[in-house]
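All chains are named by letter (A, B, ...) in the order of the sequence lines, taking the proteins before the strands, and each is independently numbered beginning at 1. Predicted model, so just to flag it, every value in this text is computed and none were measured. Atom set for the values below is all heavy atoms of this structure, side chains included, hydrogens, waters and symmetry mates excluded.
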Protein chains: 6
Amino acid sequence: MTDLVTFGETMALFAARRTGPLRFARDFDLGFGGAESNVAIGVRRLGHTAAWLGRLGADEFGDLIWSALAGEGVDVRAVRDPDAPTGLMIKGRRTADLIDVRYYRKDSAGSRLSAADLDSGLIGSARVLHVSAITPALSASAREAVRHAIAVARSSEALVSLDVNFRRALWTPEEAGEWLRETVGDVDVLFATEAEGRLIADAEGPAELAKALAAYGPRHVLVKLGAQGALELSDGVVRRAEPYQVTEVDAVGAGDAFAAGWLADWLAGAEPEQRLSTACAAGAFAVTSQGDWESLPRRADLDLLGRPADGVQR
Amino acid sequence: MTDLVTFGETMALFAARRTGPLRFARDFDLGFGGAESNVAIGVRRLGHTAAWLGRLGADEFGDLIWSALAGEGVDVRAVRDPDAPTGLMIKGRRTADLIDVRYYRKDSAGSRLSAADLDSGLIGSARVLHVSAITPALSASAREAVRHAIAVARSSEALVSLDVNFRRALWTPEEAGEWLRETVGDVDVLFATEAEGRLIADAEGPAELAKALAAYGPRHVLVKLGAQGALELSDGVVRRAEPYQVTEVDAVGAGDAFAAGWLADWLAGAEPEQRLSTACAAGAFAVTSQGDWESLPRRADLDLLGRPADGVQR
Amino acid sequence: MTDLVTFGETMALFAARRTGPLRFARDFDLGFGGAESNVAIGVRRLGHTAAWLGRLGADEFGDLIWSALAGEGVDVRAVRDPDAPTGLMIKGRRTADLIDVRYYRKDSAGSRLSAADLDSGLIGSARVLHVSAITPALSASAREAVRHAIAVARSSEALVSLDVNFRRALWTPEEAGEWLRETVGDVDVLFATEAEGRLIADAEGPAELAKALAAYGPRHVLVKLGAQGALELSDGVVRRAEPYQVTEVDAVGAGDAFAAGWLADWLAGAEPEQRLSTACAAGAFAVTSQGDWESLPRRADLDLLGRPADGVQR
Amino acid sequence: MTDLVTFGETMALFAARRTGPLRFARDFDLGFGGAESNVAIGVRRLGHTAAWLGRLGADEFGDLIWSALAGEGVDVRAVRDPDAPTGLMIKGRRTADLIDVRYYRKDSAGSRLSAADLDSGLIGSARVLHVSAITPALSASAREAVRHAIAVARSSEALVSLDVNFRRALWTPEEAGEWLRETVGDVDVLFATEAEGRLIADAEGPAELAKALAAYGPRHVLVKLGAQGALELSDGVVRRAEPYQVTEVDAVGAGDAFAAGWLADWLAGAEPEQRLSTACAAGAFAVTSQGDWESLPRRADLDLLGRPADGVQR
Amino acid sequence: MTDLVTFGETMALFAARRTGPLRFARDFDLGFGGAESNVAIGVRRLGHTAAWLGRLGADEFGDLIWSALAGEGVDVRAVRDPDAPTGLMIKGRRTADLIDVRYYRKDSAGSRLSAADLDSGLIGSARVLHVSAITPALSASAREAVRHAIAVARSSEALVSLDVNFRRALWTPEEAGEWLRETVGDVDVLFATEAEGRLIADAEGPAELAKALAAYGPRHVLVKLGAQGALELSDGVVRRAEPYQVTEVDAVGAGDAFAAGWLADWLAGAEPEQRLSTACAAGAFAVTSQGDWESLPRRADLDLLGRPADGVQR
Amino acid sequence: MTDLVTFGETMALFAARRTGPLRFARDFDLGFGGAESNVAIGVRRLGHTAAWLGRLGADEFGDLIWSALAGEGVDVRAVRDPDAPTGLMIKGRRTADLIDVRYYRKDSAGSRLSAADLDSGLIGSARVLHVSAITPALSASAREAVRHAIAVARSSEALVSLDVNFRRALWTPEEAGEWLRETVGDVDVLFATEAEGRLIADAEGPAELAKALAAYGPRHVLVKLGAQGALELSDGVVRRAEPYQVTEVDAVGAGDAFAAGWLADWLAGAEPEQRLSTACAAGAFAVTSQGDWESLPRRADLDLLGRPADGVQR
């Protein structure tokens, strides 16, 4: 049995070292990333078991992803596709404050995910199923895989968690909104930024938005407010968390860290206030160093957020 | 016919990757830079044609500069000097906030520029001639080249633009002041910081300074105020632009971007308010990423200055 | 009018800095490459004009390729595709002696090339049309583009040059052989390795192979023999060239350099012996430094192949 | 049950990028290495299961090693020592042909290994126990751990394999010789270079040496001859393997690859000739790219040793 | 004769280039550091002579340290230990604001320092002896060396300076406090942060703390307050200095720079206000660029702290 | 008193990391080099004292050179020129086998060296004065400095050593030949390649050439034959040394190492055969790693040339 099961597309990642237009970037670091595998790593680091399902190419990038996830203690159950390559993304920093991500994922192994690739037994035995709204935008078979997994999880009374993660490169706001409205009724936890929430429902202000979203069904609605912290509506109660003051190094992965923090504390049976605070702390911590997932915190790391100013640890 | 013609010395550039004294810098990136060719690239990226004239060594650095400028769509009309090398500069960051530039340009190909190297027909057919007060400080022949080019442009009723760009390593404030006072009467547009403006005229405050400078002849006087934005005096009207709030990565090239923004909008026939705003936006954008010219904006980039805070574009 | 026109897919290139499995490579350099644009650069460096046609994404990689080709003096006439990205390749070194290239070119802008993208007037005015058998393997429209271009060139009596450049990732040997046998009758110059020649015709030994290939129509058949030099059959005469002894740094691009050397000397009206020798020298020179095209020689560089042993030039 | 169990000290590794005295090296890559974990990875890549036991510091380097080994599919059973750091090594290249390795392993976690850290049940259930003569040189408790493990393996009739791996920095030839002579009678397979074999027995030539070593008890004696290949004496039969011709990039790890190749084929039940050939091929392959273990081959990689000369795979 | 003599352990330093957990850092720069040798360099750069005594391994890292210190003009009088390696430290940046340093110094050459290694004549002829409370925590012999050196300096009426530099990795607060309370009566100048001061005496607020520390004997007590500047109690007079506003790049070495600034001005006979101001300026300057000691200022550098905002020096 | 005194121009050095045309090199390492300071370092490493005189800019590059030479134990007596920069060189690798060096030394501090900059007392007290024929080509004052130094050395009966080091960028073969023929009569030891020897005298074969050179006066003539070793004519006796077989990494500095080896053994009173052998070994060792001077051997390093083939030292 695994605490959390998740699936989706994880891709190789070329990250530019230099700030400015990508065509002048010259040096790149090879890594990888994927919203759902980030959550799996995050939950694992915070003390729970996690499994990641997906489809990887039978290539070096697939090996890289498999090894790194397994090395993080995630139970990897990926199909290796001999006919399609592992997807790729290029991450640059257009300016100091604007990260720019391009994808080479068309007909990638990951986008060819189907319900048949998913181990229903594993999903059925998990306490949490976490999905993102990236997967349904990849292909018809991937969309069906999400539908199928949610159905399995619901029948086993697992907590169903959905992070919107809207990707403009994959579908339009209208397409995303339509799918989300169809799906969110089967979801227990919904993670969204304000803009993402408005793909589903229209409301003024985060609290009203959360209520409008909860009306679709989710018992827990988490609205991420960036520099303004976050807001949670759970069982009709609104809680608001203040943001942590941190020096941002790399904003990518903050949302995944937030979801991982929340889900880890849900798994641990923490109180709602603590759970929301852990989510915010995890999200804050993740931006203080480089990497989509490398920066995800362990429990002990969360204490570093409040350290004294001299900043040298010996 | 070309919208803008400019000329001057463009040099190879070794930029240190590490902050601190240059002797500890270890790793350097090879690039190039030159105030006037920066303006040519900037105007080109903002939608107009531009030609750059100058003298380059018949060496690899000369090839590097020629290829990169031509690759940016600038019409390169450079003489290749078999007897003198392309000049060189070394750019370090003495502290987080202090960039330090050293030159190896003595007897360089660029400093041997003369009036004979300039295609008068090309200058005579341009709508704008842009020069800097670096060139007259390089050599007697280069000074004569500037005089000659301005005379040609005036006779063809081109707009004559001058950016002071005072370089302490090349001449004294007194020498610069004398040349500027002799020349500025033949100029239509003058770009200067406050300190540079005071090389020519003495006045309290930017507005008064602009008036004192305009008294020498220029129809348009632009006073760059750094973190306080900029001020323009055109046809007797003073306009002031607020600065953009950006995270600075590399301040070099901001002045060239400002000039490029202003001249591009003049070429486009924009309203004075728009023109000054574009100049400020271009200058602000140029500091948000690395490189003297790599960071110069295209029209679409200027919209990125006002993006929302999450800073991830997918 | 242009001496040589060529077209095909040119892609961004991430090259690993470390020898070994790609998943451990960590650092990559961004560049680009494409067999046909390599030939265009090579011919340009050897003193002739060249134009490259193709399709590039409306993205940073497309900008990178355009700027670099234009900077090399190649006349770039590329369509920018707003709906498809510029293709990508990843180049690693599996062992010291084995380079490994992977492609992300499916549905790329370059693979969507069609006859309508080609400027028939430009092709019709050129002295040489050079194509590779990569292009017909990209898509039906690209295959039609090759057919169309050859037809235009033949009607204007341009020299039609074809380099086989067999790519296993794109089609099978049978598919390639079929297309080649259909096409080679319309070709004046054929470049092939022995293995590539056998896709078309079966014969023992390079001389017999060349004759078998010439029987399909080409007036000039060039068989590249790697460490054994090369063999040419022109107008019934077989000539053989000895290889140059060089220290190999990067073998990619050697074949393109060979073709460029041969075509440049054909354009210059050189004697057959000289032409073949230049082709071999260009191919040899290209392997002595890094990069698919950066290493292509200028005329003066070819003299460096026979320099004395101390190897320091001051 | 696991095919092979091994244990020993695995350390973080700083590898200099530049050839020359370490004090001028400037840039280093972080990795890790250890003779026994290299063998575990090697056997795993060749298709069998493997477990690695040891002691790691409760620090980032310990995490690095754990994650990477687990990511390679090795079953990691390491004790985390809160009181001692993970050992460290520095690897430079004094000249093109001379690798120089320094250790910071005194009182490291790994050197504090004891019999109590080893899971006797796991060892007892394995088909092969592989140890090196590095471990007994680390500390008294580590020496006892080796003695204990061999005893467990013998009682369960596992194959006991020992690679001499003499380390001058840890003990003298006399100390090593004494321990080896005491131990080798309990060993089934002995791996040694000629110089290492002479620590135990004195004989002229590799065949005579192998016989002298076999007289101490091992059923299989493997004498590694570097550029002259290798020699095996098994059940009284001498077999000799010719070396593979490869371009050497990094010689470290070749011996571990050889052992892994031999043991993997023993596990697979291969014929003696095949087994020795696989050992040589694995050793040869490992030197063709960078890294102590990154370069270890998979089965399919071994075919690359005989590829044709053009060296580009697409 | 030398103005300042100091001694202690100086170690090789691997500094990670990437922010985040050390296990993902990949690239490291090799350098070195040591609190006391930092002070020696700092005092030397500010115009006085300085000698550094210590013990270094007979290895490349020892050579590196010797050459760099000698190259900075420090009189190096180090014993080379053939039996123990030069110590090592690893410096990472856990988050943007938190530097993390690990040591490999157990049984290092430096920790084996003893009184016999120190040239008493040199100490006896110096105007200042500077020590840190790192040395007594290294070993019994090192502790005795400190005691001995202080006794020699007191007998020759040199100024005895002690910087607490508490290192949690080496001893407990209680152990440190005990040694400090025993020693501080023999000290003329005491440098401490507030937290370090409280290892010795308990008091509210920095001024009260300074008085409590002065009660133990030191004529000059310097309390470093980080972002709040510093406070000095000298001969009963409390002086407070405001901090400089600088952009922090690397906080390591700031305390050493502060001590060097204060001691250099004491050597120069500066007024107390000036002396404290120089100490603060040196500390501030040292954080504006990379490196433990590379960033230490010369006199002229201190003027750069108040430069105008454009930040480009040509 | 110093064993060897030398002087000349030492320059900062930007060395490209990538093989190929310099314009594509991108990354450079900062270092420094100079034929005479290389010899000073070489002699110092081989056990003798050495002083280097010269002129350096009052800039970061001058500081870099001073610190590094002093750190190597060379007695640096350089004038710092406030009005001229330290010279610069750019070192690339055009192909695997061809190093390409460009200079920015016109009107550099080093080229402004004059007799007045030299400490005649120091020269007069040395056992060896070593000069190169680079210095007279720098300027009239530098040429006079060489003449003056040789005169001082002759009057004190120091050994006068001259290495031709012909630099095509500084003067013609005819100019060099004229100066050499005028000077060589005052020289005791002459170092030259065959091509350099022919600038002075014409003769077939190295032995005949050595005799022709000795006829001009030098008691010791050393003809460096690259891959064929070297030949010495001393007191009428011809000795020939075979080359060492080494893997070449960087050929620059080999000649300086050869001179340093010969002079160090002369200073040590070694037998002629030994002296020539040491010269060859030092030259061979210097090419086995990177850097102009970093690769110079110590006595112990020379033993590494004959190490066994496995190439791993632990």
Of all heavy-atom pairs between F:Asp27 and C:Arg17, which one has the smallest distance, and what is that distance? OD2-NH2, 3.5 Å
Of all heavy-atom pairs linking F:Arg94 and C:Asp301, the shortest is NH2-OD2, 3.1 Å
I'd like to verify something: which residue of C:Asp250, C:Asp29, C:Val287, C:Val246 has the highest number of heavy-atom pairs under 4.5 Å with chain F? C:Asp29
Measuring from atom CG of F:Asp100 to atom CG of C:Leu304, what distance do you get when rounded to the nearest 0.5 angstrom? 9.0 Å
Please say whether more than 12 non-hydrogen atoms of neighbouring residues, nucleotides or ligands are located less than 6.0 Å from CD in C:Glu273. yes
The criterion is salt bridge (charged side-chain N to carboxylate O under 4.0 Å, His left out); which residues satisfy it with F:Glu208, sequence neighbours excluded? F:Lys211
Closest non-hydrogen atom pair between F:Thr19 and C:Ser289, with its separation: O-CB, 3.4 Å
Quick one: does C:Glu294's side chain have a donor or acceptor within less than 3.5 Å of a partner on F:Phe24's backbone? no
Point-to-point distance, once rounded to the nearest 0.5 Å, from OG1 of C:Thr288 to CZ of F:Arg93: 11.5 Å
